[in-house]
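What follows is a single structure, and I will ask about it in a moment.
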Amino acid sequence: MTFNKELPKAYNSQDYEDQIYQKWEESGLFNPEVCVAQGICQKNAETYTIVLPPPNITDKLHLGHGVMIAIEDILIRYYRMNGYRTLWIPGTDHAAIATQNVVEKKLLKEENKTRHDLGREKFLEKVWEFVRNTQSTILQQIRKSGASLDWSREAFTLDDQRQKAVRRMFVEMYQEGVIYQGYRLVNWCPRCQSTLSDDEVDHQETSAKFYTFQYSKDFPFAISTTRPETKLGDTAVAVNPKDKRYQKYIGQQFDLDFCGVTLHLKIIGDPQVDMKLGTGALGVTPAHSMIDYEMAMKNKLEIVKVINEEGRIEDGMGNFSGLSVLVARQRIVDQLRDSELLINEEDINNNLSICYRCDTAIEPLPSKQWFVSVDKKLKRLNGKSLKEAAIDVAKKQKVKFTPDRFYKRYIDWMENLHDWCISRQIWFGHQLPVWYKGDEVWVPKKDTELVLTRHALTDWNQKGIIQGKTDVPLDELGIEDLKSKLNIFKEQGFDLIICSPLMRARQTAEIINEELGVPIIIEDLLKERNYGVFEGRKVADIKKAFPEYYQDKINYKVEQAETYQDLSVRVKNFLDKVIKEHSDKKILVISHHAMVRTFQMVMNGETDNQKLSDYKLPFGEVASYHILDDKYDLSDWQQDTDSLDTWFSSGMWTFSTLGWPDKTADLKNYHPTQMLETGYEIITLWVSRMIMMTLFAMKEIPFEDVYLHGMVLDKDGKKMSKSKGNGIDPFDIISKYGADAMRLSLVIGSTPGNDTRLSEDKIAAFRNFTNKLWNIARYILSSIDFDKASEEIDPKSCSLSDGWILDKMSELITNTRKNIEEYKFSLAGEQMRDFTWNDLADWYVEVSKFEKTNKDAILLMILKDLLKLWHPYMPFVTETIWQEIDSNSMLMVEQYPDSKVYDKLVKKAKLQTADFDLVKNIITAIRNIRAEYQIKPAQKIKVILHAGKKAELLKAQSEIIKNLFTRIDILEIEVSGDKPGQAAMAAVQGVEIIVPLAELIDIAKEKDRISKRIDELQKLAKGIDAKLGNDAFKKNAPAAIITKENEKLAAYLDEAERLKKQSENLK
RNA sequence: GGGCGUAUAGCUCAGAUGGUUAGAGUGCUACAUUGACAUUGUAGAGGUCCCAGGUUCAAUUCCUGGUACGCCCACCA
């Protein structure tokens, strides 16, 4: 049987990628549970988990994301093919402040409005619209890259489950005293109207004036500053205690008038003060300088706030109040000059703090904010603080860094870490779970989650009959339908089920509980509405008979029936009972149509009866509600309007994506994860926080390995950015060259932690390679006989070339496995490429064209295993080819190749595979002679080999030597013999190659060529000779090196000797 | 100011616990071309391994110092 499909000549990625991805995704095999169910991996197989660092939804993906996806997908596919229960979790990051800023800028540009013009609710609508947009683009882009992510577990840092997790984290940290509210100096951006954490502050070199002046004539000496306006809030003057000029003043108190504002200044000594800078005396402004604030804390100084949140001077500052900072500065300088207090003005370069989002100058100012303490000792961390615990796990190598130099950076950063300000005055993000009522502050301790669902279908439901108290059991269809939907309830970490007493609900509960195995509580309050006279009648009939009922379901009194008001009382009673008896649990509530919709109304604080019809929960769906402490009605309370720093929620990513705080199966199975792969620029921002937060919440590490990739720069080594217009859009690349080519170009030729430059030429080169692989497959598939190829390989019939390629393949498999496991992705890729192109295509496939042993089985085996090896790197082209070979299976879940299969064959074939290298070298040497002597391609040549011991071996390989682009018509292989005078000669590993050339060569030129080569050899020989003549060398160098040097010397001299003779023979 | 990284072919980058005639891809040059592939084949040219010292029998590799570029952190009152 031959392969009867003709593949297209060139691999056009666009024709295949989307449909291949669809096939993978539809198979469900990105999900490890599906793999287990299909027997692809063992139920108790080791797990391998990576969480995808969630891209910010501020913008579409860039090439940095491309690197991240490529590397992670390589690992995931590799481990999946090796039988691990492999999980890769997708998601996106809401990036609170960044996203809000993007939308604000857009709003300003398009509608000339600020967020305050719109108001919180309207503005957030805009943000969400933007989020949905970019989010879907990003998720599409990730698919386009070929990422084998388990989409059934997709998460968003701001979705319901993550909100719950964040709330729980905040509450736990608050209870432990890790989170606290404090009046502290913070970085304030007057434009964003928000605090910024230290790492959200950028620095910019600016020119500034450095003023030296006296506060007043009453003050004994001068100070220097770049910010005279802040001096209105000075409460001390600091000098170096060693400074002889000022020592005597330390401890004294001065009350004076500074430009119309009264200051009370204490003179303090502080060794931090630089005696040489300015006058050596420093005005201390605790409210607006970090260093001054520290001094104020040490010396218990008063804090006077001068600048407000708008960047203007506070009230009570004489005639400066209300002025902007810059205007106030000018006024003060003018006034000082007028009163002859200004001594000096100097131009200096100043490093200005600016907002990393909007470049506005930062005002440090005191403000009431929420903080995470990194120094508080915690019982749950065995008395260590977050900082200490996070340092500890790195030092103990529980978390390892690749490359390891980032370990140092991590430790340095952690050791200098200060408390983390987590509140941001922005609207988009996780609102702080803090509520106020008057002076009361409430941080809820308990979070009871009620997941509502309806019972499965009964016969009456199917027929549209109103069913209240009548105890109709589930029918077969209903049971079947429910069983198909059980995955909705599975692995959610429910603590218990509370269920209506009616049979249909109890049956539903029992079926669901077969998966969950939790207690079931029967609750009378959850039974269906008493429908009175409606009971047992068809809905269609009722609609006809009681049209008024459908006008106003709430108020219409059905005879003998409960009203919706009655139901809402029942719901409230139920809620009270739950809070009392089952608070802080995750509860599955199984009830009925009318009850469930009433429940939803109550939980949403809805009183408008007209909205009843908005509340409907279809069969097989769930609605989730939270009760915080004992309050399901929060209308009296006002929630804090601030949002959390975005890193708070992304710091929880490794466990929040697995379902924490619910006790899910995912958490048990997949945490801690195996590795985190991300860019080195966020090691401090993100990696460190993940480690701290995971230690706090889980008391374990988030991941075992951290792999840090470098940045992708443009071909000139510049950062790619939109404003520079030098960015390469990964998705232009994919449509032009294919996702495989892009992945290769990002992975091969770059090493961990180092930036790489990328140009389109490089990508094109890898596109060429995908095409090469395609054509290798195309040739093999069209030339082999499938019946023969399916026969077992008989080692005894293997030729020298067969043994050689099998040996090479074995080596390749071993190396590739090792390199991937050691994160040497580039090296693994290079070796695979070298094998594919240089060994397989250029030699073995060429040999197979005329060597008449049965190579079909070997070619097919190597092709299939090569596709497997390449699959993690280039999933699309390899799967496409695989589908051509066998469309009933999927390469993605094939077993990764095993080198032992090849080793066994080679061993049994008993071939000296190194001998094939000799043949190769001889062929190359002959080609070389043809090129060097410019022998026309059409011209056939005679070649004589003086082969010594290898004569017999080479005779057996003579077909290969004659046919591999050497164009030989006569090949004579002898042990030794005479050399013709006019001939081109070369030697390879002791075999002399003689090509008689008769009149073809220019003797003078040839002699010249030979003598140049002899010179070269003599130089080499001389070097070694000197070395060998050196006693110190002989004494100190290892014996192996000395032997090697001797061998080299002999070879050089040998070749030189031979060339000399050859030259003499030329006439 | 402190710390880290990088410097190897025209370009992009590998490399070795110190001993190689220092590698790959791309680019360049020459030749070839209907039978898997011009997204190809064959061959070739191309390197003071940034500089200066040191250690060593031996340094492109290790150490010290310098230069250039990049990054991180701190701070500039």
Side-chain angles (χ1 to χ4, degrees), chain A residues 7 9-12 198-199 203 208 210 223-227 230 238 272-274 277-278 281-285 289-292 295 348-353 403 405-406 408-409 412-413 416 680-681 683-684 710-711 713 715 717 719 737 741 745 748-751 753-759 761-762 764-783 826-827 830 833-834 838 841-842 845-846 849 924 927-932 934-938 964-966 1016-1017 1019-1020 1023 1027 1030-1038 1040-1042 1044-1045 1048 1052:
Chain A
L7 300 183
K9 259 181 128 163
Y11 172 69
N12 183 7
D198 290 348
D199 30 69
H203 299 276
F210 192 49
I223 58 148
S224 302
T225 183
T226 53
R227 301 201 56 187
T230 63
Q272 277 194 69
V273 179
D274 183 348
L277 191 64
L282 149 71
V284 181
T285 321
S289 151
M290 295 292 173
I291 250 202
D292 294 8
M295 286 186 199
I348 59 158
N349 281 329
N350 193 8
N351 225 343
L352 190 69
S353 295
R405 69 184 134 93
F406 287 105
K408 232 189 129 196
R409 188 188 282 189
D412 283 351
W413 161 266
N416 293 313
Y680 63 79
E681 70 276 9
I683 177 170
T684 50
M711 277 187 301
L713 308 173
K715 62 177 172 27
K719 248 184 176 174
Y737 300 101
S745 65
I748 297 180
S750 70
T751 39
N754 291 328
D755 297 345
T756 71
R757 298 180 190 201
L758 190 70
S759 61
D761 291 347
K762 187 172 171 188
F766 284 108
R767 187 270 322 272
N768 295 356
F769 177 72
T770 59
N771 188 59
K772 185 72 187 181
L773 183 66
W774 174 262
N775 272 290
I776 290 169
R778 180 166 115 105
Y779 173 74
I780 292 177
L781 294 179
S782 66
S783 68
S826 178
L827 188 58
E830 280 171 62
R833 182 189 54 199
D834 290 349
N838 303 339
D842 290 350
V845 168
E846 291 304 329
K849 285 176 183 172
T924 307
R927 287 172 184 168
N928 200 323
I929 286 170
R930 289 199 70 112
E932 210 161 318
Q934 297 182 351
I935 300 169
K936 293 246 156 52
L964 275 188
F965 310 111
T966 49
E1016 204 179 301
L1017 286 163
K1019 224 189 257 171
L1020 287 167
K1027 215 187 249 185
N1030 184 342
D1031 287 339
F1033 174 74
K1034 275 190 280 190
K1035 215 169 77 189
N1036 294 311
I1041 295 289
I1042 296 176
K1044 214 166 128 193
E1045 293 297 318
K1048 276 196 294 194
Y1052 296 152

Exercise for review: With P as the reference atom in both, quote the distance from B/rU12 to B/rG70 in angstrom, rounded to an integer.
Suggested key: 15 Å

Review point. Which of these nucleotides, B/rC13, B/rU39, B/rC31, is closest to any side-chain atom of A/Ala10?
Key: B/rU39

Check nucleotides 42-46 of chain B for protein N or O atoms closer than 3.5 Å to its own N or O atoms and list the pairs.
unit_1 : atom_1 : unit_2   : atom_2 : d
B/rU42 : O3'    : A/Arg927 : NH1    : 3.4
B/rA43 : OP1    : A/Arg927 : NH1    : 3.4
B/rG44 : OP1    : A/Asn928 : ND2    : 3.1

Exercise for review: Sequence neighbours left out, what passes side-chain hydrogen bond (donor to acceptor under 3.5 Å, both in side chains) with A/Lys408? Give chain and number order.
Suggested key: none

Produce the list of close N/O pairs, under 3.5 Å, pairing protein atoms with atoms of nucleotides 18-22 of chain B; give distances to one decimal.
unit_1 : atom_1 : unit_2    : atom_2 : d
B/rU21 : OP1    : A/Tyr1052 : OH     : 2.7
B/rU21 : OP2    : A/Lys1048 : NZ     : 2.6

Exercise for review: Among the candidates B/rC4, B/rC57, B/rC37, find the nucleotide nearest to the side-chain atoms of A/Asn775.
Suggested key: B/rC37

Check your understanding: If we take the C1' atom in both B/rU21 and B/rA30, what is their distance in whole Å?
Key -> 24 Å

Point to revise | Distance test, side-chain N/O of A/Thr751 to OP1/OP2 of B/rA14, below 4.0 Å | key: yes

**Study point:** Nearest-Å distance once atom P is located in both B/rG44 and B/rC4
**Key:** 45 Å

Practice item. Look at the side chain of A/Asn754 and decide which nucleotide, out of B/rA36, B/rA77, B/rG5, has an atom nearest to it. Key: B/rG5

Point to revise | Any-strand Watson-Crick or G-U partner of B/rU64, both distances under 3.5 Å | key: B/rA52

Study note, to complete from the structure: As its Watson-Crick or G-U partner within any shown strand, both distances under 3.5 Å, B/rG35 has none

Exercise for review: Could you work out the separation of B/rA16 and B/rG23 based on their P atoms and round it to a whole Å?
Suggested key: 15 Å

Check your understanding: Could one point to a donor on the side chain of A/Lys772 or the base of B/rC37 with an acceptor on the other under 3.5 Å away?
Key -> yes

Practice item. Could you tell me which nucleotide pairs with B/rC71 by Watson-Crick or G-U wobble geometry, both distances under 3.5 Å, or answer none if nothing does? Key: B/rG3

Check your understanding: When you check the glycosidic angle of B/rU64, does it come out syn, meaning within 90° of 0, or anti?
Key -> anti

Exercise for review: Could you please name the partner base of B/rU17, counting Watson-Crick and G-U wobble pairs only when both distances are under 3.5 Å?
Suggested key: none

Review point. If you check every side-chain atom of A/Arg757, which of B/rU12, B/rA32, B/rC76 has the closest atom?
Key: B/rU12

**Study point:** Euclidean distance, A/Leu713 CG relative to A/Leu758 CG, rounded to 0.5 Å
**Key:** 9.5 Å

Exercise for review: Take A/Arg405 and A/Val845, find for each the nucleotide of RNA chain B with the closest heavy atom, and name the residue whose nucleotide sits nearer the 5' end.
Suggested key: A/Arg405

Review point. Hey, are A/Lys1019 and A/Glu1016 close enough for a salt bridge, meaning a charged N less than 4.0 Å from a carboxylate O?
Key: no

Exercise for review: Go ahead and name the base partner of B/rG47; Watson-Crick or wobble counts if both distances stay under 3.5 Å, otherwise write none.
Suggested key: none

Study note, to complete from the structure: d(A/Tyr737 OH, A/Asn771 CG) to nearest 0.5 Å is 13.5 Å

**Study point:** Inter-nucleotide P distance (B/rA52, B/rA14), Å rounded
**Key:** 24 Å

Exercise for review: Write down the partner of B/rU42 under the Watson-Crick or G-U wobble criteria, each distance required to be under 3.5 Å.
Suggested key: B/rA30

Check your understanding: Under 4.5 Å between any side-chain heavy atoms of A/Phe1033 and A/Ile1041, yes or no?
Key -> yes

Practice item. Using the P atoms only, state how far B/rU61 lies from B/rC50, rounded to an integer number of Å. Key: 8 Å

Review point. What about A/Lys936, does its side chain sit under 3.5 Å from the base of B/rA32 through a donor-acceptor pair?
Key: no

**Study point:** Span that lies between the C1' atom of B/rA59 and that of B/rU20, in whole angstrom
**Key:** 14 Å

Exercise for review: On RNA chain B, check which nucleotide each of A/Asp755 and A/Ala777 is closest to and give me the residue with the more 5' one.
Suggested key: A/Asp755

Practice item. Write down the partner of B/rA58 under the Watson-Crick or G-U wobble criteria, each distance required to be under 3.5 Å. Key: none

Review point. Distance check: side-chain N/O of A/Lys762 vs OP1/OP2 of B/rU26, anything under 4.0 Å?
Key: no

Review point. Any chance NZ of A/Lys1044 has more than 12 other-residue heavy atoms, nucleotides or ligands included, within less than 6.0 Å?
Key: no

Practice item. Might you confirm whether atom CD of A/Gln934 has over 12 heavy atoms from other residues, nucleotides or ligands at distances under 6.0 Å? Key: no

Practice item. Side chain of A/Asn771 only, please: which of B/rC75, B/rG25, B/rC37 is the nearest? Key: B/rC37

**Study point:** Paired nucleotide for B/rA24 [Watson-Crick or G-U wobble; both distances under 3.5 Å]
**Key:** B/rU12

Check your understanding: Using atom P of each nucleotide, how far apart are B/rG10 and B/rG2 to the nearest Å?
Key -> 36 Å

